[in-house]
Amino acid sequence: MALKRYSRKYVKTYIYHDPESGEDDEITFIANGYLFPLFKSLSGVELSDALNEYRTGLLNVVDEASIEAMFKIEQAQSADEKLAVIKNNSAQLFNLLKAANSVSVSGEPGLDLIELVMICTRICALPEDERSEALGYGTELLPKELYEDPSLALELIAMAINYDGDVKKNAQAVQIMRRATKS
C-alpha cells in the first residue's frame, strides 16, 4: 500500500520539549480533507463556516493601527525593540489576540475555534487506527503549552483556511472543465 503524501504547505511539525522528562517530541499537524468532517463531528459546525465566522471576527478588530503594530513587530531587530512596540501598542494587540482567542464555534460555550483546529489537525496526522482513540482523548491530546502558543495556533488556522480555499478553487476548476467537455 502506498503512503499518502500531503503538500508541505498543509503539514506542520512542532518540536515540543517536555520540561519534566527533558525529551523532545515531534508533533505533526495536517490540514486535509478529513479535517472538515472531523471538525464537524466534534463541533456540529462545518469548518468552512467556522473559518468564515473567524475571518469576520478578526476583520471587526483589524484596523490601520493594529496592522501597523504587527508590521513594526516583524521589522524589529531585537527582543527589546519588539517589547517596546508591544508596550506602545498594547491596546491594539490585546484586542487582536482577544478576538483570535475568543471566537467560539457558532456562539456555543466550550472549545474555541483554535483548540478545535489544533485537535483536528493533530488527529488527521495520526494513523487511521489511532484516530478514534484520539477523539476520545479530546483536549488531553496535546500538551497545554501548545494551546498557549499563539503563533502555532494561527499557523494552523491559516493552513486550514488555505486548504479550504484550494479545495474550493479546485472544485470550481473541475466544474468548469466538466461544462467545457459537455458542450
Side-chain angles (χ1 to χ4, degrees), residues 3-51 53-55 57-58 61 70 73-74 76 78-80 82-83 85-87 90 93-164:
L3 281 174
K4 214 176 225 183
R5 302 228 179 256
Y6 297 100
S7 170
R8 281 182 184 220
K9 64 182 177 175
Y10 300 121
V11 179
K12 169 82 180 153
T13 301
Y14 186 93
I15 306 298
Y16 172 70
H17 180 75
D18 188 338
E20 290 178 20
S21 68
E23 294 179 6
D24 287 341
D25 283 327
E26 274 190 8
I27 300 176
T28 305
F29 299 89
I30 295 177
N32 63 20
Y34 294 116
L35 179 61
F36 291 78
L38 178 62
F39 186 91
K40 188 168 185 179
S41 71
L42 282 180
S43 66
V45 176
E46 262 316 320
L47 179 56
S48 52
D49 294 342
L51 290 172
E53 188 182 313
Y54 177 78
R55 283 189 195 111
L58 279 183
V61 293
M70 294 299 285
I73 290 172
E74 291 290 321
S78 68
D80 289 338
K82 289 182 182 194
L83 186 60
V85 173
I86 291 169
K87 283 182 179 176
S90 58
L93 296 172
F94 176 76
N95 287 337
L96 275 178
L97 190 59
K98 189 170 141 190
N101 284 317
S102 69
V103 178
S104 64
V105 178
S106 72
E108 295 296 319
L111 296 175
D112 66 16
L113 177 70
I114 288 174
E115 288 176 320
L116 283 164
V117 169
M118 290 182 82
I119 292 167
C120 291
T121 51
R122 173 62 181 143
I123 291 171
C124 287
L126 296 173
E128 203 168 325
D129 57 336
E130 292 178 27
R131 286 183 194 155
S132 58
E133 188 181 349
L135 274 170
Y137 289 131
T139 54
E140 296 168 16
L141 187 65
L142 298 168
K144 186 181 171 201
E145 292 84 349
L146 292 187
Y147 293 108
E148 295 168 352
D149 182 351
S151 64
L152 172 65
L154 294 173
E155 275 181 61
L156 293 176
I157 287 179
M159 256 175 38
I161 288 171
N162 290 338
Y163 185 88
D164 188 43

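Since we're looking at a predicted model, the values are computed, not measured.
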Pairs touching residues 16-38 that satisfy salt bridge (Lys or Arg N to Asp or Glu O under 4.0 Å), sequence neighbours left out: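 Found none.
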
Residues which pass side-chain contact (heavy atoms from CB on, under 4.5 Å) with [X], listed by chain and number, not counting sequence neighbours:
X	answer
L83	K87
A158	none
S41	L38
S90	none

Considering residues at least two apart in sequence or located in another chain, which fulfil the side chain to side chain donor-acceptor pair (under 3.5 Å) criterion with [X]?
X	result
E46	none
T13	none
D49	none

Distance from [X] atom [atom1] to [Y] atom [atom2], nearest 0.5 Å?
X	Y	atom1	atom2	answer
L51	D164	CG	CG	6.0 Å
I161	S48	CD1	OG	11.0 Å
L154	I114	CG	CD1	5.5 Å
L116	M118	CG	CE	11.5 Å
Y54	I157	OH	CD1	4.0 Å

Closest contact, heavy atoms only, [X] versus [Y]:
X	Y	value
H17	G22	CE1-O, 3.1 Å
C124	R131	O-NH2, 3.6 Å
L142	Y147	O-CE1, 3.6 Å
K82	A76	CG-CB, 3.4 Å

Which of L47, I30, L42 passes side-chain contact (heavy atoms from CB on, under 4.5 Å) with C120? It is L42

Of Y10, F29, Y34, F39, the one forming a ring-ring contact (aromatic ring centres under 6.0 Å, His included) with Y163 is Y10

Non-neighbouring partners of E155 that pass salt bridge (Lys or Arg N to Asp or Glu O under 4.0 Å), sequence neighbours left out
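Here the qualifying residues are K12.
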
Hits for salt bridge (Lys or Arg N to Asp or Glu O under 4.0 Å) against E148, two or more places apart or cross-chain, chain-then-number order -> K144

* Any side-chain heavy atom of K9 sitting closer than 4.5 Å to one from N162? ->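 No, side chains not in contact.
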
Checklist line | side-chain hydrogen bond (donor to acceptor under 3.5 Å, both in side chains) partners of residues 118-130, not counting sequence neighbours, each pair once | finding: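 Every pair satisfying side-chain hydrogen bond (donor to acceptor under 3.5 Å, both in side chains) with a residue in residues 118-130: there are none.
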
